[in-house]
Protein chains: 2
Amino acid sequence: MITTKNCIIRLSRYKNALYRLQALGFVKFFSDNLADAVGVTAAVVRKDFSVFGISGNKKGGYQIETLLEKLNSILGKDRLQKVVVIGAGHIGSALMRYRGFEKEGIKIAAGFDIDPSKVNRSSPVPILPLEEIKGFIKSHGIKIAVLTVPDIAAQEVVDIISASGIKGVLNFAPLRLKSPEGCIINNVNLEIELENLIYFVNVMEKTK
Amino acid sequence: MITTKNCIIRLSRYKNALYRLQALGFVKFFSDNLADAVGVTAAVVRKDFSVFGISGNKKGGYQIETLLEKLNSILGKDRLQKVVVIGAGHIGSALMRYRGFEKEGIKIAAGFDIDPSKVNRSSPVPILPLEEIKGFIKSHGIKIAVLTVPDIAAQEVVDIISASGIKGVLNFAPLRLKSPEGCIINNVNLEIELENLIYFVNVMEKTK
DNA sequence: CCCTTATTGTGAAAAATATAACATTATGAT
DNA sequence: ATCATAATGTTATATTTTTCACAATAAGGG
């Protein structure tokens, strides 16, 4: 199923919202319930569903349980996803300790750092020397890496890990990386996010 | 100047790319140089510039220094931007220690946490009790907050800080917050970013 | 059993965004 | 001084995305 990044982000939000609705005791929902919960319109919800051949019952809405199964299957959440974190600095270490991924079925299999003093094979998420990453990726069949190395090292690391089998990179280094053939790079750029916020806050202040 | 979020993100990227070009010794550039550096087309660069009344010289391109001044002014980088971080957990603490903001003219004025054991008034970024946030925001004129509290607390905190004068929130809690009147919320959702990557990597694998 | 109502599913319209095309103009060579 | 060239700036075109509108239809009441 081919579609846009935004659409898939919405699917994730639908999934999360449905879990919340389910926790509140709901069993079924209508497109406008979900739309409200996620902050889109009902038409968008139904359109997104139709792209993936998801159908409900006229006048009856959708079953939460069925929908969650479908969304989880689409999003690959019906199996454990193993990822590695590269760079055990402030951000990388925080991600390795963050509990939020577990409950989403995402397991950080290991961290890697070039600095030998950071290596710790016995921590909950073992931190290994960068030299071992190639072998680790291959032997564990890891497809996804989170990159929190200094920007100067980022491109080199991407090229190495992509050659070792990584297909997707979540990049925290504040620069745009050239993505090797067959490798998807999503960027999380906190500086730019803040700049953006600052810009729009300033604009709001001025036009007020 | 009213425009889209994507356009402003591109301005940030232009700025970053121009600094890199400048560091390499360049003094001027053409729209296609910058386009290559940022990963867009030359037409987009010129279009974005024209939206902000930025002009260059036919056949001569643009002066990096002049451009940087303009971009920095548009993005509010001609003055120090003070922000607060709310929530001193793993992610919040990492952000407070992260050096990347400083060089972008963004200063984390303080962190806040509801847990008294996290309070530390003498650390480089002082961590203060959450009760003090209202006064701090007002007395320091803070407009921007980074929110790294547990999702269950996020909406309440947003409502409080918005009432105290916060106009922009960078939210790390993995749920969509209702933005109070006059308050902009940008979301950084790491779980969703990873899910997204996982989806597209899977799609790629299948269609291969 | 029919009629009203509420909701889906989709096709068409509108809006937003990105791309391309090209007329304009400054530069430098002849 | 004129001409060819190279790059801008903007208008036009195409594409993508969102929104709207409504026909189809299942459920429930009378």
Side-chain angles (χ1 to χ4, degrees), chain A residues 1-14 17-18 21 26-68 70-71 74 176 187 192 196 199-200 203, chain B residues 1-14 17-18 21 26-71 74 176 192 196 199-200 203:
Chain A
M1 194 60 57
I2 189 159
T3 180
T4 66
K5 184 174 174 186
N6 279 340
C7 175
I8 303 303
I9 289 178
R10 286 196 298 271
L11 291 195
S12 284
R13 295 196 196 284
Y14 298 156
L18 288 179
L21 287 175
F26 286 85
V27 172
K28 67 172 190 178
F29 69 98
F30 302 118
S31 55
D32 60 342
N33 303 142
L34 187 57
D36 286 349
V38 169
V40 297
T41 65
V44 172
V45 171
R46 296 201 299 273
K47 199 89 196 244
D48 286 340
F49 283 4
S50 94
V51 169
F52 288 92
I54 293 174
S55 60
N57 304 306
K58 289 194 165 69
K59 195 133 186 209
Y62 308 80
Q63 299 296 311
I64 290 185
E65 202 171 327
T66 319
L67 245 289
L68 277 174
K70 285 186 183 167
L71 290 176
I74 292 168
R176 176 159 290 263
N187 294 286
I192 286 184
N196 206 263
Y199 172 82
F200 284 105
V203 168
Chain B
M1 194 61 56
I2 189 158
T3 179
T4 67
K5 185 175 173 184
N6 279 340
C7 175
I8 303 303
I9 290 178
R10 285 196 299 269
L11 292 196
S12 285
R13 294 197 197 283
Y14 298 155
L18 288 179
L21 287 176
F26 287 85
V27 171
K28 66 174 191 176
F29 68 98
F30 302 118
S31 55
D32 61 341
N33 301 143
L34 188 56
D36 286 348
V38 169
V40 298
T41 65
V44 171
V45 171
R46 297 200 300 272
K47 195 89 193 257
D48 286 340
F49 283 3
S50 95
V51 169
F52 287 92
I54 293 173
S55 60
N57 303 308
K58 288 194 165 67
K59 194 135 188 207
Y62 308 80
Q63 297 297 312
I64 290 186
E65 203 171 326
T66 318
L67 246 289
L68 277 174
E69 269 170 33
K70 286 186 182 167
L71 291 175
I74 291 167
R176 178 157 287 261
I192 286 184
N196 205 263
Y199 173 82
F200 284 105
V203 167

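Chain letters run A, B, ... following the sequence lines, proteins first, then strands; residues in each count from 1. For clarity, every value in this text was computed on a predicted model and none was experimentally measured. Both backbone and side-chain heavy atoms feed into the values below; hydrogens, waters and symmetry mates do not.
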Side chain proximity check, A:Y62 to A:N57, heavy atoms < 4.5 angstrom: no
Nucleotide D:dA7, atom P - distance to CG of B:L34 in whole Å: 15 Å
Nearest to side-chain heavy atoms of A:R10, which nucleotide of D:dT8, D:dC20, D:dT18: D:dT18
Between C1' of D:dA7 and CG of B:L67, the distance in whole Å: 15 Å
Atom-to-atom span, NZ of A:K47 to P of D:dC20 - whole angstrom: 13 Å
Along DNA chain C (nearest heavy atom to each residue), the more 5'-positioned of A:F30 and B:N6: A:F30
Heavy-atom closest contact (B:L71 atom, B:L11 atom, distance): CD2-CD2, 4.0 Å
Where chain A begins and ends its contact with DNA chain C, read 5' to 3' at 4.0 Å from heavy atoms: C:dT5 to C:dA12
B:I54 to B:K70 - nearest heavy-atom pair and separation: CG1-CD, 4.0 Å
B:L67 versus B:F29, closest heavy-atom pair with distance: CG-CZ, 3.8 Å
Nearest heavy atoms of A:Y14 and A:V45, plus distance in Å: OH-CA, 3.5 Å
Main-chain N/O of B:C7 paired to B:T4 side chain as donor or acceptor, under 3.5 Å: yes
B:R13 side chain vs B:V38 backbone, donor-acceptor pair below 3.5 Å: no
Sugar-phosphate, base or nothing in reach of A:Y62, heavy atoms under 4.0 Å: sugar-phosphate
side-chain contact (heavy atoms from CB on, under 4.5 Å) against A:D32, all qualifying residues, sequence neighbours excluded: A:F30, A:A42
Nucleotide-resolved protein contact map, nucleotides 22-30 of chain D, B/S/- at heavy-atom distance under 4.0 Å: --BBBB---
